[in-house]
Undergrad: 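The following block contains the structure, expressed as structure tokens.
All residue numbers refer to positions in the sequence shown, counting from 1.
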Amino acid sequence: MDVLVAILAFAGAVLAGITTGVLIGRLRDEAAGWLIAWSIATGALALSLAAVAVGHLAGFGGVTFRAFQITGSLLAPLWLTVGVLQLLAEKATARFTSWLLGIALTIVGAVIMLLDPIVGGFTKDLPAGPPHWDIWPEWLLRGVHILVIFLLLVALAIALLSWRDGDDFDVDNMNATVVLAPAGMALSASLELTLPGFVVVALMGVAAGGVWYAVARPLAPYDDEDDEDGEEDDDWRARQGRGRRGADGGDGGATAASPMPAGSSAGSPRRSGLGDLVAEYRAGEQGEVDYAARMQPGDRSFAARANPADGYQARIPQADDFGGPATGQLLPADPFGQGRPAEYGMPAARPDQERGMPATGAVYPGAEAPPPADLAASFGVGFSRSAAKPRPAGGSVKPSPSIYGLLTVFTLLDGSGDAFDKLAEETVEAVQRSEPDTLIFVCHGVKSAPLQRIVYELYRDEVGFAEHQRQPHMERFATERVPFVLAANVIELTVNAAKVVPLPTALL
């Protein structure tokens, strides 16, 4: 019988050691509190089971007894419980309290059990703790076992209650807790009741296997099912911090996706904007994204423009995507120029912009405008002219410093190109008739991207731009283009040098 228990203990030690390696490997990608706690628990189980295997083969002694009691009776059930609490806790204070409890009991218990004298002799049978300990280690272990059973019962109840009204992450947490909580309670009860060694070793192996199952199945990282569109599961990344939730706990809900600066990384290579836009458009076909609501005026919150349940956001291709100079970070559309939301960390819009801009998206100050004649070359693409309103420039290539310009990149919904072009042409005709301070107003098509339109605007000064904004035809353009536009980006321009002549017009 001793040999059989030794073999079982050795197999359990191997299982616990492999589980510890799996947990540590996952910690490299996901520094979650429950992974750290369970790594300690499974490491303690591996050492404890190894000590039991040696004791059943060669006989127990002071070293193997202390090793079994400290690792198997104290650390393993304690840190298994701390891991469950870390998984389920929604608030940072609860997670901190569980850490404090685990560290305090570990330090105090280990010191007491290392220094306390051992009473009596040993055999090859698994020794019970109370006959060999003084009063302090005995009652310390008893208190830990009772506390572990109580906390795991509470955790099990919380997991079941959260599962009833929760999301998929709460289901995962419940499935993991249903496995680990009974295993931890059974292990603590068997150690406290001094059950036979075969039962204790079996329960230790079950606890190690339960941790492996929980991490490999219900708590496994979510696979990206839409890899072909270059999407990532932002929900999973945002919920890692407390098991399957947000890093700060918060209210336990899913967090809205936030824009990221161009060139930044969140564990994935930079993706092209077109891939993200196609993904969002496909989601829109299934009714997941309300583009019309996103483009409504007067609503400055990103949450109203992008549904956080999407799991992604639109990213408009910037100039460097087409092989030209970078223009900065691209943000979701703001079609009426109501200003940049504070959560993007961008400067507030100018007062004249707050009166209503025709171009959508965030405005980036300080960008340099290429001369219109060289616009296609600087962006590395070919433009097809849809409509234009030019004004001749003077003899100097050094323009007035008061000239104000905008470059707007529109991404249209599929099938709306002709309607948008017709609206743009009517708008340009009205601009040409009634806006003497509008120097250039050009709407380009992009040969390599049929759903792209680029509007290039130059005004005599910002007063002329403000007057342009108040025109009825511009209000009509800003309103009627909403059903056609998926998203847009606006770049604020200055002019360093220019040569402008009237464009040839089509013969009708």
Undergrad: Over 60° means perpendicular and under 30° means parallel, so tell me whether F484 and F420 are parallel, tilted or perpendicular.
TA: perpendicular

Undergrad: Taking atom OG1 of T93 and atom CG of L100, what is their separation to the nearest 0.5 Å?
TA: 12.0 Å

Undergrad: Can you find a pair of side-chain heavy atoms, one from T411 and one from V485, that are under 4.5 Å apart?
TA: no

Undergrad: Taking atom types as modelled and ignoring hydrogens, do the side chains of W79 and S39 form a donor-acceptor contact shorter than 3.5 angstrom?
TA: no

Undergrad: Within the 4.5 Å heavy-atom criterion, are F96 and K91 side-chain neighbours or not?
TA: no

Undergrad: Are V446 and R453 close enough that some pair of their side-chain heavy atoms sits under 4.5 Å apart?
TA: no

Undergrad: How about CD1 on I135, more than 12 heavy atoms from neighbouring residues, nucleotides or ligands closer than 6.0 Å, or not?
TA: no

Undergrad: Verify the neighbour count for atom CH2 of W163: are there more than 12 heavy atoms of other residues, nucleotides or ligands below 6.0 Å?
TA: no

Undergrad: Within the structure provided, determine whether L219 and Y213 are in side-chain contact (heavy-atom separation under 4.5 Å).
TA: no

Undergrad: Are any of the side-chain heavy atoms of F122 and H132 separated by less than 4.5 Å?
TA: yes

Undergrad: Hey, are the side chains of I454 and T408 touching, using non-hydrogen atoms and a 4.5 Å cut-off?
TA: no

Undergrad: Do Q69 and W133 meet the criterion of a side-chain donor-acceptor pair at a distance under 3.5 Å?
TA: yes

Undergrad: Output a table of donor-acceptor pairs, distance under 3.5 Å, between side-chain atoms of residues 142-149 and any protein atom two or more places apart or on a different chain; print 'none' if there are none.
TA:
residue, atom, partner, partner atom, Å
R142, NE, E192, OE2, 2.7
R142, NH2, E138, OE2, 3.3
H145, ND1, L141, O, 3.2
H145, ND1, E192, OE1, 3.0
H145, NE2, S73, O, 2.9
H145, NE2, S73, OG, 3.2

Undergrad: Before we go on, tell me: are the rings of W212 and W38 under 6.0 Å apart, centre to centre?
TA: no

Undergrad: Check step by step if side-chain contact (heavy atoms from CB on, under 4.5 Å) holds for S48 and L45.
TA: CA-CA 5 Å; S48 179; L45 284 173; 5.5 Å; no

Undergrad: Would you mind reporting whether L180 and L80 have side-chain heavy atoms less than 4.5 Å apart?
TA: yes

Undergrad: Can you confirm whether I112 sits close enough to V108 that some side-chain heavy atom of one is under 4.5 Å from a side-chain heavy atom of the other?
TA: yes

Undergrad: CD1/I118 to CE/M113 distance, rounded to the nearest 0.5 angstrom?
TA: 9.0 Å

Undergrad: Show, in sequence, the C-alpha distance, side-chain angles and deciding distance for S162 and M174, and conclude whether the side-chain contact (heavy atoms from CB on, under 4.5 Å) test is met.
TA: CA-CA 8 Å; S162 300; M174 183 273 297; over 6 Å; no

